[in-house]
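In what follows, every heavy atom counts, from backbone to side chain, and hydrogens, waters and symmetry copies are set aside. In what follows, chains carry the letters A, B, and so on, assigned in the order in which the sequence lines appear, proteins first and then strands, with residues in each chain numbered from 1. What you are looking at is a predicted structure, and each value in this text was computed from that prediction instead of being measured.
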Amino acid sequence: MAKSEAEVARVYGGPAGWISVAIPAAIFVWMLQYMGAVAAGQPVLVGIDWVPSMDIRLSVLIDGLSLTFALLISGIGTLVTLYSTKYLGNHPEYPRFVLFLMLFMVGMLGLVLSDNLIALFVFWEITTISSYLLIGFSSDEAKSRRSALQALLVTGTGGLAFLAGIILLGNVAGSFELSEVLGQGDVIRAHPLYPAILILFLAGAFTKSAQFPFHFWLPNAMAAPTPVSAYLHSATMVKGGVYLMARMNPALGGTDAWFWALVIAGGFTTVFASVLAIRQTDIKQVLAYTTLMALGALTLFIGAGTAAAITGMMAFLVVHSLYKAALFLMIGIVDHETGTRDVDTLRGLGRKMPLTFLGGAIAALSMAGIPPLVGFIGKEFLYKAGLDMDRATLWITGTIFAASALMFVAAGISVLRPFTGKLAQTPQTPHEGPWAMWIGPLLLGSLSLGFGLFPDTLEAWFVAPGTWAVYGDYGYAVDLYLFREVNAAFLLSLATFATGAVLYAIHRPLRGWLGRVFEANPIKFDPGWDRVLDGLKALAGWQTRLLQSGVLQRYIFTVFLTLAVGIGATIWAKDAMDFRIDWVGSVEGLQFKHWAVVVFVTAGAILTAITTSRMTAIAALGVVGIGVALIFIIFSAPDVAITQLLVEVLVVVLVAVAMLKLPQLGLARDRKRRPVHAALAGTIGVLVTMVMIGVVQGNIDRRLTDFFEVASWPEAYGRNIVNVILVDFRAIDTFGEIAVVVIAALAAYALLRGTRYDRNGDKPEDRT
Amino acid sequence: MMNSIILNAATRLVVALLLLFSVFMLLRGHNLPGGGFIGGLIGATGFVLHSIAMGAQATRDTLRYEPQNIAMIGLGIALAAGVFAVFFGDAFFTGQWWFAGADPADPDDKGIPISSVLVFDIGVYLVVFGSLLTLVLALEEEV
């Protein structure tokens, strides 16, 4: 022991390793205390107000579904982090890896435990971002970076749709609290917005859980280190979408649209993925596609929606997490110890790596659905639910039968072939991995066996409470068993084994044939993704070239043109100029001081337009500004007047300083454009005047003014309403504005400093 | 920078007056025209004048702190003033008041009111002041 401890200290240099194991282990133990209440059918609901004014609460809902997920996340998390201490422990970026993994775990736990939809979304995005960081962990490889970006964009886009769905749902249900939303299923399903909500939620769930046609990112995500694949892309994150669908079942489920969307997408994904799994030669890819198959099956049975289907779904959820995490960890050990994952190279490892083989073999038997392992129970109850359906019976049973038979083959490919037979030559000489690595598969394997032999435990702890939560009926009696009688489901199982065995016998020629079929298929999702991205970049480049000319005059022209079109179109469309201009009346009341200001401003404006000197133009523009300030003073708005004056002075100084560097106005060159500019300027002037007249003639809504006049002194102890609004009533807006001021100043500073050249046109850094 | 003795001499006086005036405007803002925004503008104007008379480097030396740091500290002060309310169980940015020396029996006697709102306004002042000087000084050095 002493030696291995010294080794740990030397190689893993720091506390990151054991901390990363201790945290999920502690969470696992902590979550166990809720088992009693949840198994008795009593969900736990706790929370604190987070942003009460927007109905956002940090609330936690612990019921059968969320507790099952939380235990899987923390339990498998413990094994995966323990495994990582050896798998990645001497990687120079190991602490960073641990940080990302912990970030992910927090996000995932938050996702499944949140009772508030907004909080759930925040955690949902945390898992997306940490998944991006973890897939791209080997950031020096282009393939990793591409896969990471692909996963981020696909799941992130789905996430945005999901957010839109949440907002719609919150408005329909009147609350963002899941515990309240779930009770209003009938209101939601009858609402005219239901189809939109459904589509947006499913867009989020399907991208996250890689359902066809968004499936392509998941196999690519296997570029991540193997512990990440085992944890995120098999046992936890990709099941986030499944969790969402299961969670929303009481609120959104039960309609025809829900049924067919999930049943068709899930059924297709499950068969499609299991066929692709057989085609792979990299065992990790085989496992990636079987994960897709499982996600499809879970979607399928959530869609099917009967109590039996939900029971089967919950059982299969636990079963799959147990065996798939074990298999990923197993192939990670094989890769780590032999240097390859190629199914044609690996043979006869069983004698060299007996413990890894044992853990992997139990998991593979569970995946193949062979009794007495828990995989058999999972498959049996899926069959049973499929056969009991009153619609789409053949589709559901057929797809799950085909997928199960192919799972049988995939189990053989990923464990039977590499571990049995005669030992083959591999890049590294194989030997058993360290205990921290094989303990994971072995423990998960024993759980697969234990739950298989004692299905009542699985039922009482996970499947029954989970079914109650998803199905929404706490009275339904769940009954899991290993074997009771020879029925149709049992006969289907036997047929599965027979079909699977035949397919396994011919899987090598089958693989070649499938390869040729898929090569010939013109629709390819992964290259198609690249074309979509290229198209997006081309579009961005085109519109940037169009809008970002780099010439200040054109920018300003564009801005004012947009303004003119916007105001003009609005006035025209709303027919807003339906009033009489009282020319005589508006001139009658004017006193000498008003006329003086008008002359002052007009003279400044004309001088600005006709002068050939920039300096004169700036000064004349300053005159216009000061004239405007005078108007504010005349109409008793001293605050605005002072600000206007100061800004005007500073603008003149600033621009004058800048102008010193600029050449004389190139009027000869601009002559052709001047009529256009003049026309635009005139249009803007007319439009703004029209709007001003419209505003003055219309009924001004004084409710806000009245409120502030009344409330300013008693509530904010200030008599200057403008300032009280700025610093008290609307302080958060002011805060946003001053943040913008700082950012603008820093950006301008960076621009000025970054492009500083000396007289010779060299950058200062270039000088020697 | 202009080499003018008159401007130079006048600047020394005017800058001091402008700074004093800017603080005056800041403090009176809650009841009379003024406030952090205007105060910051006036204060910045003083130093802009200083930089025109004495040169940007002299102004930086006089300021001692980089203007962009002043702006960011101002932003931090404004944020702190907002967060302050949270410790008293109020929503973010709720004004917190302390009427120093006020007679509790007389509801109109506010004594010397000291508040998180004033702290926020000081933050606004520093942001406007620092941001403007960041820009002006960088521009003047550019020319």
Side-chain angles (χ1 to χ4, degrees), chain A residues 51-53 636-647 649-650 653-662 712-724 726-735 737-753 755-757, chain B residues 25 28-38 40-42 44-45 48-49 51-52 66-68 71-72 74-75 78-79 81-82 85 91-95 97 99 107 110 113 115-121 123-128 130-143:
Chain A
V51 189
S53 50
S636 27
D639 269 295
V640 191
I642 297 171
T643 313
Q644 168 79 16
L645 264 176
L646 287 167
V647 169
V649 167
L650 282 166
V653 171
L654 268 178
V655 180
V657 169
M659 288 293 162
L660 289 177
K661 273 212 114 174
L662 294 173
S712 177
W713 177 251
E715 286 186 24
Y717 314 110
R719 298 197 192 280
N720 178 1
I721 299 176
V722 176
N723 203 58
V724 168
L726 280 176
V727 298
D728 201 333
F729 285 116
R730 315 277 326 156
I732 198 158
D733 294 351
T734 309
F735 183 74
E737 282 157 21
I738 58 176
V740 170
V741 168
V742 173
I743 293 165
L746 289 179
Y749 181 74
L751 270 177
L752 287 167
R753 282 302 161 94
T755 56
R756 233 171 126 195
Y757 297 93
Chain B
M25 285 302 256
R28 80 200 282 260
H30 215 58
N31 292 314
L32 295 161
F37 212 89
I38 295 174
L41 284 174
I42 296 173
T45 315
V48 171
L49 181 64
S51 71
I52 290 173
E66 291 288 328
Q68 59 268 34
M72 282 186 284
L75 197 61
L79 182 65
F92 194 43
F93 274 116
T94 310
W97 291 80
F99 300 106
K110 300 293 184 203
S115 66
S116 66
V117 170
L118 176 65
V119 177
F120 179 76
D121 223 7
V124 174
Y125 176 99
L126 292 176
V127 166
V128 173
S131 300
L132 260 175
L133 286 179
T134 304
L135 264 180
V136 174
L137 293 183
L139 261 176
E140 285 186 18
E141 280 161 4
E142 173 77 4
V143 174

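Contact of B:L75 with chain A is made through backbone and side chain together, with heavy-atom distances under 4.5 Å. Both the backbone and the side chain of B:V136 have a heavy atom closer than 4.5 Å to some heavy atom of chain A. In this structure, the portions of A:I738 lying under 4.5 Å from any heavy atom of chain B include both its backbone and its side chain. Neither the backbone nor the side chain of B:L137 has a heavy atom closer than 4.5 Å to any heavy atom of chain A. Interface residue A:L726: only backbone heavy atoms are found under 4.5 Å from chain B.
If you tally non-hydrogen atom pairs under 4.5 Å between each of B:R28, B:M72, B:Q68 and chain A, the highest count goes to B:Q68. Here B:N31 is the residue among B:N31, B:V117, B:T134 with the most heavy-atom pairs under 4.5 Å with chain A. Here B:L79 is the residue among B:L79, B:L133, B:L132 with the most heavy-atom pairs under 4.5 Å with chain A.
Between A:N723 and B:G36 the shortest heavy-atom distance is OD1-N, 4.4 Å. Closest of all the heavy-atom pairs between B:E66 and A:Y749 is OE1-OH, 4.4 Å. The two residues B:W97 and A:D728 have their closest heavy-atom pair at NE1-OD2, 4.3 Å.
Going from atom CD of B:E140 over to atom CG of A:L752 covers 11.5 Å, rounded to the nearest 0.5 Å. Taking CD1 from B:I38 and CG from A:D639, the interatomic distance works out to 4.5 Å, rounded to the nearest 0.5 Å. Taking CZ from B:F37 and CD1 from A:I642, the interatomic distance works out to 13.0 Å, rounded to the nearest 0.5 Å.
Looking at A:R719 and B:L32, their side chains never come closer than 4.5 Å, going by heavy atoms from C-beta outward.
Between B:F93 and A:F735, the ring planes are tilted. Angles from 30° to 60° get that label.
Taking A:I743 as the reference, nothing meets the side chain to side chain contact (heavy atoms under 4.5 Å, CB included) condition, with sequence neighbours excluded.
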